[in-house]
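The model shown is predicted, which means the values in this text are computed figures rather than measured ones. Lettering of chains follows the sequences in order, A, B, ..., and the numbering in each one begins at 1. Side chains included, hydrogens not; waters and symmetry mates left out as well; all remaining heavy atoms used.
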Amino acid sequence: MVGGQPGNSPWTVSLRNRQGQHFCGGSLVKEQWVLTARQCFSSCHVPLLGYEVWLGTLFQNPQPGEPGLQRVAVAKMVCGPSGSQLVLLKLERPVTLNQRVALICLPPERYVVPPGTKCEIAGWGETRGTGNDTVLKVASLNVISNQECNIKHRGRVKESEMCTGGLLGSVGACEGDYGGPLACFTHNCWVLEGIIIPNRVCARPGWPAIFMRVSVFTDWIHKVVRL
Amino acid sequence: QRSPLNDFQVLRGTELQHLRHAVVPGTWQEDVADAEECARRCGPLLDCRAFHYNVSSRGCQLLPWTQHSPHTQLQRSGRCDLFQKKDYVRTCIMDNGAGYRGTVAMTVGGLPCQAWSHKFPNDHKYTPTLQNGLEENFCRNPDRDPGGPWCYTTDPTERFQSCGIKSCREAACVRCNGEDYRGAVDRTESGRECQRWDLQHPHPHPFQPSKFLDQGLDDNYCRNPDGSERPWCYTTDPQHEREFCDLPRCGSETRPRHEATTLNCFRGKGEGYRGTANTTAAGVPCQRWDAQSPHQHRFAPEKYACKDLRENFCRNPDGSEAPWCFTSRPGMRVAFCYQIRRCADDVRPEDCYHGVGERYRGSVSKTRKGIPCQRWDAETPHKPQFTPTSAPQAHLEENFCRNPDGDSHGPWCYTMDPGTPFDYCTLQRCGDDRPSSILDPPDQVLFEKCGKRVDRPDLKRSKLR
């Protein structure tokens, strides 16, 4: 996370590889399901032995025995529809919800976040020297319309993607944040509206950032969980 | 620090059955500390060629036969592992092959070997014993002949002949940097014996075979699980952690068979990516591979000839998760180049549909990953929620792709892969089809109780200034 500040995001999880290293973020959408980015995995059928999600901590490298830390093995991976750049991870068991671990709402199908809505991203990724490398950071961003976004991105932004406005400073997600949430506060609820995906450059000043629009895939998520 | 297990080759979750009921295997010895203790007991015994080790009961059963003995067969087992003496199961020889106990019985000239217990047509001085292993008519090297195992032949005009069994070093060559080397050399270039990958002594290490199933970390053979320049192993010498192995290279520096080269996207881990992206996802320019500043490293282009470490392009020479590079920024050693998009790994679409495909009536019956569809009227491998009777309007015929639930991502099916309940099909939207845009006026939003965040006291910002 470039810029931003230390913060709390109880639905943001840390994906750990076989060496226990953090490599991506994720969002807890059901007690046993995490939504993350396809970019985080080399294939839809990578052997998941040794991969875990860590929740309930603010630290990138929590000490063993840290109160609240939950480590759960990843049991299964389901790749999203073509072009979704999403993956659902089924955990070996449901996590325990508490003050440190919470679910985030999914948006209604095809819901479009109104421009100007205040949202935030969270992650333990690359800070590019903006500090607080070892704790979870959050950054506030405002949604802009795809139409406005396509001015800078020359029409490349798809309907299944959404944008937040470029800021003068360098603030935004970067490597290690992919898969994490773009959460927007709507009707007194935090809602998972976007998923952080790699942009051509991290936190480019003055450039809108592009996220996957979750509401286009809400039906797929419910279907996978149900089936 | 040599482990007695070094003389054994393991088959996990496998039992060796003897098919003649009259033959009784050894009794189970319970409470054996571990497989090493079992190996310690079997190793010195001339009539012990293998053993079962039961991980849960810590039981050990010594066996006088191996999988190459007559009337035996391997069987999947949920309770034990099979350890067999390498000399009896390795198909190549170490040094001059004096220890070879395999079952080759043909000379290099194609002559069948004469049984060692026979003195005809070629008389000789050898008497088969447990020590010299002169069994049946198998090739052996009782006189430590430098040419390796040999035998008397059944041709009276050709007294004896070498069997031409390859040395383990020659039996498998190294392609590229040897990531897919699966040979049976268990010595380093200085002659030190390799430590078993499934042991953490004398050198603890992160490469547990169960976590690196794709790296073939069998027994104590030379391997390359970390993208080193060639196969290596931890050594049994406590003073010497790890060392390269001296293995012959295969012909030309060709790319490992399994890789396809890509230029504008990367597939899998991107080991075949050969594009020209040369900045990290964070926009930091990459350091040239042939430079050692600002970051010193071991990835010299000439040592990774088939990894194409040209200029400062993003590459994946060591099997990391994605293409990466050393960065030109002193404070940031390496970073992934995730800005390179992943290649679509779906099977090419075979047909198209309109809308969301609810009225698709074609006969495509394969998912986008190429998995065959399950019949809609079948109950396995997945119990369907939609059947031809429960959803007559959807025309759920045979195992054709359909869209009984109006899934917005198109026709789908239950799949024949037990691990994948359903998936979308090798279909795409028809070119003339314009879906309604979701960017029309936003819908009303109602949320259940979730997404609540309790701002943690330990995080609450102090009001005092």
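- The distance from atom CG of Leu427(B) to atom OG of Ser82(A), rounded to the nearest 0.5 Å, is 10.5 Å.
- Contact record, Gly50(A) with Lys211(B): CA-CE, 4.2 Å, taken as the closest heavy-atom pair.
- When heavy atoms are compared at a cutoff of 4.5 Å, Val216(A) approaches chain B by way of both its backbone and its side chain.
- Per-residue counts of heavy-atom pairs under 4.5 Å with chain B were compared for Cys202(A), Pro81(A), Cys174(A), Ser43(A); the largest is that of Pro81(A).
- The two atoms that bring Ser408(B) and Asp219(A) nearest to each other are OG-OD2, 2.6 Å, heavy atoms only.
- Of the atoms belonging to Glu126(A), it is side-chain heavy atoms, and not backbone ones, that fall under 4.5 Å from chain B.
- Within 6.0 Å of the CD atom in Gln21(A), the count of heavy atoms belonging to other residues, nucleotides or ligands exceeds 12.
- When the shell of 6.0 Å around CZ of Arg226(A) is examined, it contains more than 12 heavy atoms from other residues, nucleotides or ligands.
- Comparing Thr420(B), Asp405(B), Thr280(B) by how many heavy-atom pairs each has under 4.5 Å with chain A, the most go to Asp405(B).
- Interface residue Arg342(B): backbone and side-chain heavy atoms are both found under 4.5 Å from chain A.
- A donor-acceptor pair is defined here as one N or O able to donate and one able to accept, closer than 3.5 Å; no such pair exists between the side chain of Arg18(A) and the backbone of Pro206(B).
- Of the listed residues Lys76(A), Lys223(A), Gln147(A), the one with more heavy-atom pairs under 4.5 angstrom with chain B than any other is Lys223(A).
- A 4.5 Å side-chain heavy-atom check between Gln85(A) and Arg341(B) finds every atom pair outside the cut-off.
- Looking only at distances, no side-chain donor or acceptor of Asn146(A) sits under 3.5 Å from a matching main-chain atom of Leu439(B).
- Of the listed residues Gln19(A), Arg204(A), His45(A), Arg38(A), the one with more heavy-atom pairs under 4.5 angstrom with chain B than any other is Arg38(A).
- Interface remark: Ala335(B) contributes backbone and side-chain atoms alike to the contact with chain A (heavy atom separation under 4.5 Å).
- For the pair Val224(A) and Phe422(B), the minimum side-chain heavy-atom distance is below 4.5 Å.
- Atom CD1 of Ile438(B) and atom OG of Ser160(A) lie 7.5 Å apart (nearest 0.5 Å).
- Remark: Arg110(A) CZ to Ser437(B) OG distance equals 8.0 Å, nearest 0.5 Å.
- Without hydrogens or angle criteria, Gln39(A) side chain to Gln339(B) main chain gives no donor-acceptor distance under 3.5 Å.
- What you find for Val201(A) and Gly283(B) is that their closest heavy atoms are CG1-CA, 4.0 Å.
- Looking at Lys383(B), there are no atoms closer than 4.5 Å to chain A (heavy atoms on both sides), in backbone or side chain.
- In this structure the side chain of Phe336(B) never reaches within 4.5 angstrom of the side chain of Phe23(A), judged on heavy atoms.
- Residues satisfying the ring pair (Phe, Tyr, Trp, His ring centres under 6.0 Å) test with Phe217(A), not counting sequence neighbours, are His409(B).
- Both the backbone and the side chain of Ala281(B) come within less than 4.5 Å of a heavy atom in chain A.
- The parts of Phe212(B) that come within reach of chain A are both its backbone and its side chain, each placing non-hydrogen atoms under 4.5 angstrom from that chain.
- Here the closest non-hydrogen pair linking Pro198(A) and Tyr338(B) is CB-O, 3.4 Å.
- For Gln374(B), the side chain to side chain contact (heavy atoms under 4.5 Å, CB included) partners are Ala378(B), Pro381(B), His382(B), Pro384(B), Tyr414(B), Met416(B), not counting sequence neighbours.
- Proximity to chain A (any heavy atom under 4.5 Å) is shown, for Glu321(B), by both the backbone and the side chain.
- For Arg213(A), the part sitting under 4.5 Å from any heavy atom of chain B is the side chain, from C-beta outward, and nothing else.
- With rounding to the nearest 0.5 Å, the separation of CG in Leu49(A) from CG in Asp214(B) is 10.5 Å.
- Side-chain contact between Met332(B) and Arg128(A): present, with at least one pair of heavy atoms (C-beta onward) separated by less than 4.5 Å.
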